[in-house]
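Have a look at the structure below, then the notes.
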Amino acid sequence: MTTDKEKAGWLKRIAIVGADESDEIGMVPHKGVLQQHSEAALNALDDAGLSLADVDGLFTAGASTLQVAEYLGIQPTYTDGTSVGGSSFVIHVEHAAAAIAAGLIDVALITHGETGYSNRFRKVSRAPMDPWFPAAQFEMPYHIGGPPSTYALACMRHMHQYGTTHEQLAEIAVATRKWAMLNPKALMRDPLTIDDVLSSRWITYPFHLLDCCLVTDAGGAIVLTSAERAKDCKKQPVWVLGSGEAQTHWTLANMPDLTTTPAAISGPRAFEMAGVRHDEIDVVEVYDSFTYTALVTLEALGFCKPGEGGPFVSGQRTAPGGDFPLNTNGGGLSYTHPGMYGMFLLIEATRQLRGECGERQVADAKLACVNGTGGALSSTGTLILGAD
Amino acid sequence: MSDQKYPKPLPTPSPETQRFWDGTKKHELWIPYCRSCQKSYWYPRDFCPHCGSRDVEWRRSGGKGRVYTFAIQYRAFHPGWTSEVPYVTALIDLDDGVRIFSNLVEVEADPKALRCEMPVEVVFEDVTEEITLAKFRPVSE
């Protein structure tokens, strides 16, 4: 007989055994999307002590699994191209864990690659939307704009409802930059002050330029396998202890409450499955497409109450040396953000739990919470990861 | 106004939304309503997304509501909007019980002139011979 908890949770049955970026991230105009995928895949497999021949499950977003599998020279027997924005790769972890637990695959490879920075020079354009789609009829004629404007609409409501301030948002940008200054792979490593953030130009009110993430080129990959197979891998396993997935809307008019995110659904699922409390978490990696995204995600996950995110992050609490280590790689705000950043949350959480982070290492990190956000605050994936 | 002169993205009415666009052309705002669960919903569909019923109809809106939230756009993401920046995007809570996305017009694109919960009313913009957009302007309390 299995207990309820064993039935519900992944316990220590599924492990992340490999994680890495591509060879070069940041501004990499001489490499394409599939090169970013493949370099990261090879690096992550090497990190695990595995090879492409071991991979039987492939998970990716953006590029299709057909494109990535062929480029890698593999013929997977299980694929998942769930593509719900920057949260996709975090959600892939839950899907991969389910496939491994069901015995359908042994080794799952999740890859990411984007050239968000260089696309503009190569004139890479997005496929046009079907003009009958609701967003094409009821958002585009009013020029809704890109993510800066949808997230700005959400942030404005949060500011109105709870009194959240520009200064509180800037606290996150500054704290995240301090982490980036400790990460040699981060793109933005110059010191930053709250005044710098507040005096940067408006992109979309209420967001200043420095409330917004970077647009870079990058690739990343992680490798998962069963506890049994993990014994043969090179490094200590990072356990998937709990997972949750949620989505609430596509068009912003259909978002149930603009002051929260679907992490209010995926978060409790992950925490309950893992059987851990918030105060047991050592390090938190959440999507920071904008300063506001990180702030509202902390509320939605339950690290503080709705509306209390502003006071919660004040006084550089999330910076190195603060009592709430957040986005320790420097985040999408200062390290890298190629478009769908979720993969890089996974890589950093894995490294922190392995103790590989050098200057920015959070002491004795044993439990991490990861939350990816995608679309217009539309979808989330939450994970609780743990080291032995 | 001819289509050639309107440089911004235009909506393409679909069979299930045509009634809405026919309405705006006559300077009327029509919203889908579910007779089964007795709620309005947005955007137009041939069934109710609240309860799944197909027993739905169109009801004319009074066109009044409040700003749920807004943002001021300082960049044009489409060349047709270049001369318009800064402009205001907003979600409007109509008194009819639905939230719709639109622009705020006849108001300065300045944080001092704008606030959540400010009362607004619909105003119709005939942008081509075929298409009229429903936008919103502030009104006094």
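Per chain, numbering begins at 1; letters A, B, ... match sequence-line order.
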Measure up the Phe20(B) and Phe138(A) rings against each other and bin them: parallel (under 30°), tilted (30 to 60°), perpendicular (over 60°).
perpendicular
Would you call the rings of Tyr205(A) and Phe70(B) parallel, tilted or perpendicular, where under 30° means parallel and over 60° means perpendicular?
parallel
Residue pair [X] / [Y]: nearest heavy atoms and the distance that separates them:
X	Y	answer
Ala253(A)	Phe101(B)	CB-N, 4.3 Å
Gln137(A)	Pro11(B)	O-CB, 3.7 Å
Trp81(B)	Tyr142(A)	CZ2-C, 3.8 Å
Thr69(B)	Met156(A)	OG1-CB, 3.2 Å
Trp132(A)	Pro13(B)	NE1-O, 3.5 Å
Ser149(A)	Ala71(B)	O-CB, 4.2 Å

Do Tyr87(B) and His143(A) come close enough that some side-chain heavy atom pair is under 4.5 Å?
yes
Is there a side-chain contact between Val67(B) and His160(A) in this structure, where contact means two heavy atoms from C-beta onward sitting under 4.5 Å apart?
no
Winner by heavy-atom pair count (cut-off under 4.5 Å) against chain B, out of [options]:
options	value
Asn254(A), Leu153(A), Leu252(A)	Leu153(A)
Gly145(A), Pro148(A), Pro206(A)	Gly145(A)
His158(A), Met159(A), Arg157(A)	Arg157(A)

Would you please test Tyr43(B) and Thr251(A) for side-chain contact (heavy atoms from CB on, under 4.5 Å) and show each step?
CA-CA 10 Å; Tyr43(B) 38 83; Thr251(A) 58; 3.9 Å; yes
May I ask you to name which of Ile100(B), Asp93(B), Thr17(B) has the most heavy-atom pairs under 4.5 Å with chain A?
Thr17(B)
Quick check on Met129(A) against chain B: is it the side chain, the backbone, both or neither that has a heavy atom closer than 4.5 Å?
neither
